[in-house]
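Computed from a prediction, not measured in an experiment: that's the story for all the values here. As the structure lists them, so they are numbered: ligands from 1, and atoms in each ligand from 1.
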Amino acid sequence: MIRYIWFDLGLTLVGNNHAAIYQKVLADLGVKKEINEVECAYHLANKYFMREHPGCLGKKEGVRGYLEKLMEYLQLGRETQRFLIGMEQENPSVCWRKFPFTDGVLNRLHQRGIKTGLISNWDHSCRRVLEENGLLSLMDTVVISSEAGCEKPDRRIFERALLLAGVEPSECLYVGDNYYDDAVGASAAGMRTLLINPPGRLGIEELKFPDVIESIQDVERYTYD
Ligand SMILES: [Mg+2]
C-alpha cells in the first residue's frame, strides 16, 4: 500500500525556460532553430551529462562542457565559440515554473490520503522556487541537498527524508527524471522508483529500467499496485 510519494523537483514538478534562452541566443547569431529541436537537444544533453558526468548538471563548472554537448546535438559544433560568447552576453535568467498538471496531481493524491514530499539536489534557492510556484504548502516533507549536507544518489538523503516523515520505504514511491541520481539512490534506500522521460526512451536507451513514465500524471496508476 502506497502512503507516501516523494518527488524530485527539476523537470519533475517544475520545468524551465532553458530551451527558449538557447533558441534566442542562436537566433541572435542568425541561426534559426525550431523550439522542439532545441528542446530535444536540451533533453539529450541532460541525459548525456546525467550518465557521463554525474553530479555536474546545473553546476557552474560543468556549464561550458554542457553547452558544447548541446551544440553537438544541434549539429552546430562549428558555431560553439560564438554561441558561448552569446550566452555570456545574454546573462540569461533561468526561471522554473510548475507544469500545468503539477497542482492537480498533488491535490488528487492528497484527496486520496497519500502524502507527498520533496527530495531535491538544489542550492539555497530551492525554497524560493517552491514558494514562487505555490508548491511549498503541497509538500508534507521537504529535504534539500544544500540543507541536508548530502545529495542524491547518496542513500543518506533518502533515509533522512523517510525518518522525517516516519514512513517505511516499502510504503513509498519515488519519482524523478535522473536515473543515476533518482532511481539508483531511491532504490538503494528501498523505495520503488518511477523514472520520467518523454515518450519512448529517447536518451536513455542504455537503461533496462522498466518503470518509465512520461510525466507525474502517470504516477497515480502506480498507487493502486
Ligand atoms: Mg530532476
Exercise. Just checking, any donor-acceptor pair under 3.5 angstrom between side chains of Ser170 and Glu168?
Worked result: no
Exercise. Is there a donor-acceptor contact under 3.5 Å from the side chain of Asp182 to the main chain of Asp177?
Worked result: yes
Problem set entry | With sequence neighbours excluded, residues passing salt bridge (charged side-chain N to carboxylate O under 4.0 Å, His left out) with Lys115 | none
Exercise. If you group Ile, Leu, Val, Met, Phe, Trp and Tyr by side-chain heavy-atom gaps below 4.5 Å, do Leu164 and Leu136 land in one group?
Worked result: no
Exercise. What residues form a ring pair (Phe, Tyr, Trp, His ring centres under 6.0 Å) with His110, not counting sequence neighbours?
Worked result: none
For this session: Sort and list the pairs that fulfil side chain to side chain donor-acceptor pair (under 3.5 Å) and have at least one residue in residues 54-65, not counting sequence neighbours.
Result: Lys59-Glu151, Arg64-Glu68
Exercise. Excluding waters, which protein N, O or S atoms are within less than 2.8 Å of the Mg ion (ligand 1)?
Worked result: Asp8 OD2, Gly10 O, Asp177 OD1
